[in-house]
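This is a predicted model, so every value here is computed, not measured.
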Amino acid sequence: MPEGTTIPVTVVIALAVLSWLVPHLLEIKRKRDESRLAFFEDQIENFLGPLAGIIDETFVVYDIASQVLPRNQNGQIDQDLLESDEQIETWRYFQETYFFKLNRQAVDLIIAKQHTLGPEIPGSFRELLGHAVELESLFGLWKSRGISSAVQGKPWPAELQRDVHRLLENAQSQYNKQLLKTRRN
């Protein structure tokens, strides 16, 4: 091979490699961007969105119950203030018809999807798990055995609604940023 043809052959080989490498790298980036977009979409549609709806529904039901049941000075329903059989049956109705089911739905979602949050699980999520299990087990003990426990169940997590909506808004923001990034590329 003549000496003067070495550079053009090297250039041709480099161009051939680049013509394969650049589209390949762009395809990898496109797939990564689409994967991140799908992740945020799933997190919103199948976890945080439904969880926010369940928590908000719980607050609506609690507000209704607090209009017909006695409340303490903090405005919370106080089981110790339930005096009549009608009040006790009303509280039981709200628990059996709404709160246990809503708690179970929220707990099931958290258990199934908490991995999408990474290692930073809000403490209010763990508090809800404890609250739901204790509430249901103490209620079951009272209903089936007539045993009224001196054990007070864990309270409803005060920060749960705020935490869920903060996480949902953050996921929506990340989704929108990723959507813009994906569309630009």
Side-chain angles (χ1 to χ4, degrees), residues 20-67 69 71 74-77 79 91-140 151-185:
W20 174 84
L21 186 60
V22 169
H24 183 69
L25 292 175
L26 289 173
E27 179 65 14
I28 290 171
K29 183 181 180 324
R30 184 188 64 76
K31 286 181 179 179
R32 185 180 59 232
D33 288 346
E34 287 176 357
S35 176
R36 283 186 53 82
L37 194 62
F39 170 80
F40 288 121
E41 188 174 347
D42 179 63
Q43 190 181 49
I44 293 165
E45 289 182 359
N46 298 314
F47 180 32
L48 297 172
L51 185 58
I54 291 166
I55 302 306
D56 292 346
E57 184 178 349
T58 301
F59 273 88
V60 170
V61 172
Y62 188 86
D63 286 343
I64 293 167
S66 68
Q67 292 174 32
L69 293 169
R71 295 173 284 166
N74 297 328
Q76 297 174 328
I77 297 170
Q79 294 180 53
W91 181 235
R92 177 190 274 180
Y93 170 80
F94 278 103
Q95 287 182 313
E96 290 178 328
T97 306
Y98 297 104
F99 296 126
F100 293 148
K101 292 174 186 172
L102 291 168
N103 283 349
R104 176 54 40 210
Q105 290 172 356
V107 164
D108 289 346
L109 268 174
I110 290 170
I111 290 170
K113 296 289 188 171
Q114 68 184 343
H115 67 278
T116 68
L117 298 177
E120 299 295 320
I121 307 297
S124 63
F125 283 30
R126 284 185 289 280
E127 291 171 23
L128 176 64
L129 298 175
H131 165 79
V133 168
E134 282 189 7
L135 180 66
E136 199 165 338
S137 63
L138 291 173
F139 183 83
V151 176
Q152 280 290 62
K154 289 180 170 52
W156 176 265
E159 300 298 316
L160 181 63
Q161 189 176 34
R162 184 187 60 79
D163 287 346
V164 170
H165 282 281
R166 179 183 50 80
L167 289 168
L168 177 58
E169 289 167 10
N170 184 50
Q172 289 168 328
S173 173
Q174 293 295 323
Y175 174 83
N176 289 332
K177 286 178 188 175
Q178 188 64 46
L179 184 61
L180 288 173
K181 183 179 176 183
T182 303
R183 286 183 178 166
R184 273 195 310 247
N185 297 329

Leu102 side chain reached by Glu57 side chain, heavy atoms, under 4.5 Å
yes
Correct closest heavy-atom pair for Lys101 and Glu96 would be CE-O, 3.8 Å
Hey, mind stepping through Leu117 and Gln43 against side-chain contact (heavy atoms from CB on, under 4.5 Å) and telling me if it holds?
CA-CA 9 Å; Leu117 298 177; Gln43 190 181 49; 3.5 Å; yes
Shortest non-hydrogen separation from Trp156 to His131 and the atoms involved:
N-ND1, 3.5 Å
Considering residues at least two apart in sequence or located in another chain, which fulfil the side-chain hydrogen bond (donor to acceptor under 3.5 Å, both in side chains) criterion with Asn46?
Asp42
Minimal non-hydrogen separation, Ala52 against His165, with atom names
CB-CE1, 3.9 Å
Calculate, to the nearest 0.5 Å, the distance between atoms CG and CG belonging to Leu135 and Asn103 respectively.
6.0 Å
Compare all side-chain heavy atoms of Phe40 with those of Asn176 and state whether any distance is below 4.5 angstrom.
no
Hits for side-chain hydrogen bond (donor to acceptor under 3.5 Å, both in side chains) against Gln172, two or more places apart or cross-chain, chain-then-number order -> none
Determine whether Asp108 and Gln105 satisfy the following criterion, side-chain contact (heavy atoms from CB on, under 4.5 Å), listing intermediate values before the conclusion.
CA-CA 5 Å; Asp108 289 346; Gln105 290 172 356; 5.9 Å; no
Between Ser173 (side chain) and Glu169 (backbone), is there a donor-acceptor pair under 3.5 Å?
no
Interatomic distance, Lys181 atom NZ to Leu37 atom CG [nearest 0.5 angstrom]:
11.0 Å
Identify, with sequence neighbours excluded, every residue that meets salt bridge (charged side-chain N to carboxylate O under 4.0 Å, His left out) alongside Arg30.
Glu27, Glu34
Euclidean distance, Tyr175 OH relative to Ile44 CD1, rounded to 0.5 Å
7.5 Å
Donor-acceptor pair, distance only, cut-off 3.5 Å: does the side chain of Thr97 make one with the backbone of Phe94?
no
Partner set under side-chain hydrogen bond (donor to acceptor under 3.5 Å, both in side chains) for Gln161, not counting sequence neighbours:
Asp56
Please tell me if the side chains of Ile121 and Arg126 come closer than 4.5 Å, counting only heavy atoms from C-beta onward.
yes
Please identify which of these residues, Lys29, Arg36, Lys31, meets the salt bridge (charged side-chain N to carboxylate O under 4.0 Å, His left out) condition with Asp33.
Lys29
Could you tell me which non-hydrogen atom of Leu51 sits nearest to which non-hydrogen atom of Phe125, and how far apart they are?
CD2-CZ, 3.8 Å
Of all heavy-atom pairs between Phe99 and Thr58, which one has the smallest distance, and what is that distance?
CE2-O, 3.9 Å
Do Asn170 and Arg166 come close enough that some side-chain heavy atom pair is under 4.5 Å?
no
Sorted by chain and residue number, the side-chain hydrogen bond (donor to acceptor under 3.5 Å, both in side chains) partners of Ser124 (sequence neighbours excluded) come out as Asp163
Using ring-ring contact (aromatic ring centres under 6.0 Å, His included) as the criterion, list what pairs up with Phe100, not counting sequence neighbours.
Phe139
Ile111 vs Leu129 side-chain heavy atoms within contact, under 4.5 Å:
yes
Could you check whether any side-chain heavy atom of Tyr98 comes within less than 4.5 Å of a side-chain heavy atom of Tyr93, counting everything from C-beta outward?
yes
At their closest point, which heavy atom of Ile55 faces which heavy atom of Val164, and how far apart are they?
CG1-CG2, 4.4 Å
